[in-house]
Structure formats: structure tokens, C-alpha cells
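Here's the structure, in C-alpha cells; my notes come after.
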Number of protein chains: 2
Amino acid sequence: MDIEQTKIPQATAKRLPLYYRFLNNLHSQGKLRVSSKELSEAVKVDSATIRRDFSYFGALGKKGYGYNVEYLLSFFRKTLDQDETTKVALVGVGNLGTAFLNYNFTKNNNTRIEIAFDADQKRVGTEVGGVQVEHVDDLEEKINDTAVAILTVPSSEAQPMTDRLVKAGVSAILNFTPARITVPPHVRVHHIDLSIELQALVYFLKHYPLEEEQEG
Amino acid sequence: MDIEQTKIPQATAKRLPLYYRFLNNLHSQGKLRVSSKELSEAVKVDSATIRRDFSYFGALGKKGYGYNVEYLLSFFRKTLDQDETTKVALVGVGNLGTAFLNYNFTKNNNTRIEIAFDADQKRVGTEVGGVQVEHVDDLEEKINDTAVAILTVPSSEAQPMTDRLVKAGVSAILNFTPARITVPPHVRVHHIDLSIELQALVYFLKHYPLEEEQEG
DNA sequence: AGCAGTTTGTGAAAACATTAACGACTTCCT
DNA sequence: AGGAAGTCGTTAATGTTTTCACAAACTGCT
Ligand SMILES: NC(=O)c1ccc[n+]([C@@H]2O[C@H](COP(=O)([O-])OP(=O)(O)OC[C@H]3O[C@@H](n4cnc5c(N)ncnc54)[C@H](O)[C@@H]3O)[C@@H](O)[C@H]2O)c1
Ligand SMILES: NC(=O)c1ccc[n+]([C@@H]2O[C@H](COP(=O)([O-])OP(=O)(O)OC[C@H]3O[C@@H](n4cnc5c(N)ncnc54)[C@H](O)[C@@H]3O)[C@@H](O)[C@H]2O)c1
């Protein structure tokens, strides 16, 4: 069953949750069908790219008609495992960690932060966004079978905490610290480096001029 | 002067701030030279890619020696315009906005959030992370020549606020809302979609198995 | 029933990005 | 001084992603 899945390009895989979200929007608006052109305008992805992306999963649409919203939605729900919730742990309940706990990725989402850790006694024992904050000393004991961790500790703690998370059995880490962490080959890491995103935006702004503003 | 710059691949441009940060680290550790291999281990980018990236700017290194840290650093400082600060405005001082204001991208960075806006009277007039929070009604009046905006409002407000920002003269937006905003062609938008990042990580975890864990 | 208009799915091309491989040159050890 | 080891910059090969463009197939109207 996974044999074909492995062949989906990574770029496509990253767009799937985006498609899923907008299909949900369309569905709750009562829309019954949608064309790649319409979807393209909504998600800002070229319509040919959308058709190509969908085609990796077979022929999901109908020529001259487009895609049936309900069918597409239920297909992606299965594909994205939207029916089972993935447990997530958050380490470092500071500025960023608190924001994530309050948000908790609840809308259209199959992930849930179930437990949080911090080193600061003042935070331990409190509840943030409905999630209990535990002491980081108890990490190994309390993390159980959680597979995914969000890392929002100070960057000096990033590698030590990563090592502990890996030892405790975590297999994927979403790293928000500026540190580039080292993990064994079986652990997947995605970096979200907000400073770099901002700096890159400024760089593009200055060095990659866009179309001139049009008069009229 | 910008003629050659335009040809740098976007993928390279996105890595420049990362290189810059690690060169700074090396410099403050007192390191005088660095090879592409060493840098590769630190930033987790293939060493051939690093050499290729650097080569777009000419011959910055020396065969058999590597790169002079100080020289490279001063070169990138110029290239990334680290000497002039870009003013940034933040719209929406909620969970995420507050975290950003407290952090304010101050370390090794040429950007600074100088002004923030919110619609909530309770927040207006307060100071968060040293930045004054203004009422969003005064946006047009107070934003002046700020070129970059960070958008952290509720998603229903994303498009209306974008339209106002664009009208007020902003030319780049870093959008954290799940909405895909529409802008005129001369405005640059980068989306950072945290829900999608988390969902994509989970998808990769389940469908793109990595190397098996090794015994011993 | 027939036809004009629409939209998919995909082969082929183009664009973009990474990685391998190696000649040329430098360093530094003995 | 000579040679082994190290490292860059680049050419070529490879891999990935996007985009074009169109036949085939469907819709919906008359
Ligand atoms: N806040 C932002 O906007 C922002 C932007 C970009 C990057 N970051 C990065 O995200 C990370 C977190 O940023 P922040 O602003 O939330 O920092 P913060 O200082 O507000 O929060 C860090 C939290 O981690 C806790 N902590 C420290 N050591 C720990 C440990 N060993 N185990 C568990 N918890 C520990 C601290 O008690 C604190 O609550 C930092 O690495 C920062 O560089 C933050
Ligand atoms: N917090 C997270 O972890 C997180 C994660 C992913 C995405 N997001 C997205 O980021 C955005 C902000 O999230 P949040 O958790 O900070 O929400 P929030 O509700 O805490 O903050 C939104 C802030 O915007 C202000 N606001 C509302 N309308 C406004 C307007 N017209 N002009 C100016 N300010 C206005 C509100 O007063 C509030 O302070 C949302 O779109 C959310 O979907 C947040």
C-alpha cells in the first residue's frame, strides 16, 4: 500500500495539507465541485501543478467537470490520516511555546500537543492552552510513545534536548531554534528558522525586483 | 551592481542568512579559517552545495586552505546589507505577535520591528518587547515608509489587512495566517504556515521511511 | 441528438537544484 | 626542498519540480 506512496515528490507532499484545508473551506461553503483553475486561485499554486499533484494518486477528477469536492476531501482525509490523531510533545514553554500551546493546531488538523515540558519551576504544574506543563527532568518518564516533538528551547539547549528526545524514542522533531541539530539517520528533523525567513524576505525585496507597480 | 546578483538561484539566496549566522558563531569563537566540509557539518548543507553557493559571488576561498572567516563574514555582511536596518511593522499582537515582539529578531540581524498594530483597545497603548502598540485605525497614518510587515491577525482579517498594508505602501509581507492572500504583482509575500509544516512532518514520518535504526 | 465550451491527465520540454568528480593549487610536515 | 594531504572552483551528470500544450472526454445547452 505504501509502495506507490513513496514515489510522490516531496514538493507535492508538502502541498497536500494546503489542498486539504482549502477543500474543507469549499465543502463548508456548500460547494459541490471545483476545477484546478479555481483551486489555483485560492491556494496560489499553478493549476497544472495541482493537476499533476492530484494525478500521482490516480484519476481523481472528470474531464470537462473538474473535481467533486466531497470525493476529493474524503480521499485526502484518508491519505493524510486525518482520522487518527498524532500526539505531539512541546519542549520549552517560553514565548513561542506558549503561543503554540494556546493555538494547538486544532483546526482541520490531525495533530495535538498533549504534553509540554519546561525547566523553569515557575511554569511546571501550570496549564497552558489546556496542556499540562511537566518538568523536563521527567521527560523520559512521561513522554511515553509520543512520536513528534516541537522544540522551542533556547538554542544552547537545542542539541542536549534533542539527544534526550531521541533517546526517549521520538522520531520526528520540528525545530524552531536557530541551532542546526544532529540526529541519527532514523530521526526526521524539519527546521523552521523564523529569523532566516525574515532575512530572506528582506534579501529578495532588495535584490529580486518584482514587476513595477502599474498606473491605472 | 545588481545585474549579477539577480542570477543567484533562489535556493542559494535562502541559505545566505544561515551561512552568515554560522560564520558569526565561528568568528566569535576566534576561528580564523573554515573549510566547506566543516561548515557543511555545522549547517547541514552538502559541502559541494556550499562551494557552489559561494562561487556565485566569485572566488572567495583558497585551494588547500579553505575560507578566511573574517573575510567571508565581511563579504556577506555587505551582501546581506547587514549595516542598514530594515524597519518592520507587525499587525496583530496576539499569541504569535507577542512572541515575535518579545524576540524581535535582534541577534545577528538587520531587521527590527519598530511598530505594532492591534484592533483591541486593551492592547493599544501598551508596550510589548519595547515596541509601542498602536491602534490599527491609525495604520495608514503611522506606518510611514516601513517596507515590510509581519501579519499575525486572525485569518478572516488577513485579506482586508493586506489590502490596507499594500495601499499604505508596504512592499513585502510575511504572512503567518492560514489564508492565502492576494496582492498586486509588485508586492512580495512569503507564507509561513505552521499548521502545514506540522502536518507535512507527520506525513513524511508516516509515508517516507528513513533508514532503519542501527543496533550497536 | 449534436455541438460548443470546459477541463482533465499526461507526454514532453524547460527550469531549477543538487551532487559527483577531479584538475589545479596551497599548505604543512619531514 | 619535496611530497602527501587538503581544499577550492567548476564541468558534467543527475535528480527534482514546474510548466506547456493538447488529445480525449465530459457537460450542458438548444
Ligand atoms: N520568540 C520568537 O519569536 C522566536 C523567533 C525565532 C526563533 N526563536 C527561537 O525559539 C526558541 C524559543 O524562543 P522563545 O522566544 O520562546 O524563548 P524563551 O526564552 O521565551 O523560552 C524558552 C523556554 O525554554 C525553557 N527552557 C530552558 N531550558 C530548557 C530545557 N533544558 N528544557 C526545557 N525547557 C527549557 C525556558 O524556561 C523558557 O520557558 C529559541 O531558540 C529562539 O531562538 C524564537
Ligand atoms: N499561535 C499559533 O501558534 C499559530 C500557529 C499557526 C497559525 N497561526 C495563525 O496566526 C494568526 C495569529 O494567531 P494568534 O494565535 O496570535 O491569534 P490571536 O487571536 O491570539 O491574535 C490575533 C490578534 O490580532 C488582533 N486583531 C484582530 N483583528 C485585527 C485587525 N483587523 N487589525 C489588527 N489586529 C487585529 C487581535 O486583537 C489579536 O490580538 C492566526 O491567523 C492564526 O491562524 C497561529
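Taking atom CG of A/N68 as the reference point, atom P of C/dT7 lies 15 Å away to the nearest angstrom. Remark: P of D/dT7 and CG of B/L39 are 13 Å apart, rounded to the nearest angstrom. As rounded to whole Å, 17 Å separates atom C1' of C/dT7 from atom CG of A/L32. Taking atom CZ on A/R51 and atom P on D/dA25, their separation rounds to 17 Å, with Å as the unit. If you take CG of B/D53 and P of C/dT19, they are 11 Å apart, rounded to a whole angstrom. Protein atom CD1 of B/I50 is 9 Å distant from nucleotide atom P of D/dC8, rounded to whole Å.
The number of heavy-atom neighbours closer than 6.0 Å to CD of B/E140, taken from other residues, nucleotides and ligands shown, is above 12. In the displayed structure, A/K37 atom NZ is contacted under 6.0 Å by at most 12 heavy atoms of other residues, nucleotides or ligands.
For the pair B/R15 and C/dT18, the criterion of a side-chain N or O lying under 4.0 Å from OP1 or OP2 is met. For the pair B/R33 and C/dT26, the criterion of a side-chain N or O lying under 4.0 Å from OP1 or OP2 is not met. Phosphate proximity of D/dT7 to B/S36: absent, as no side-chain N or O sits under 4.0 Å from OP1 or OP2. Residue B/T49 places at least one side-chain N or O closer than 4.0 Å to OP1 or OP2 of C/dT19.
Using a 3.5 Å distance cut-off with no hydrogens or angles, the side chains of B/T146 and B/N144 do not pair a donor with an acceptor. A side-chain N or O of A/Y19 and one of A/D53 form a donor-acceptor pair less than 3.5 Å apart.
Along DNA chain C, the nucleotide nearest to B/Q10 and the one nearest to A/Y67 differ in position, and the one closer to the 5' end is contacted by A/Y67. Judged by closest nucleotide on DNA chain D, B/F54 is the one of A/D46 and B/F54 placed further toward the 5' end.
Taking the six-membered ring for Trp and the full ring otherwise, the centers of B/Y103 and B/F105 sit less than 6.0 Å from each other. Aromatic pair B/H190/A/F204: ring centres closer than 6.0 Å.
A/R52 contributes no side-chain N or O that forms a donor-acceptor pair with the base of D/dT18 under 3.5 Å.
Looking at residues 58-66 of chain B, you'll see B/A59, B/L60, B/G61, B/K62, B/K63, B/G64, B/Y65, B/G66 sit with a heavy atom under 4.0 Å from some atom of DNA chain D.
Residues satisfying the ring-ring contact (aromatic ring centres under 6.0 Å, His included) criterion with A/Y71, sequence neighbours excluded, are absent altogether.
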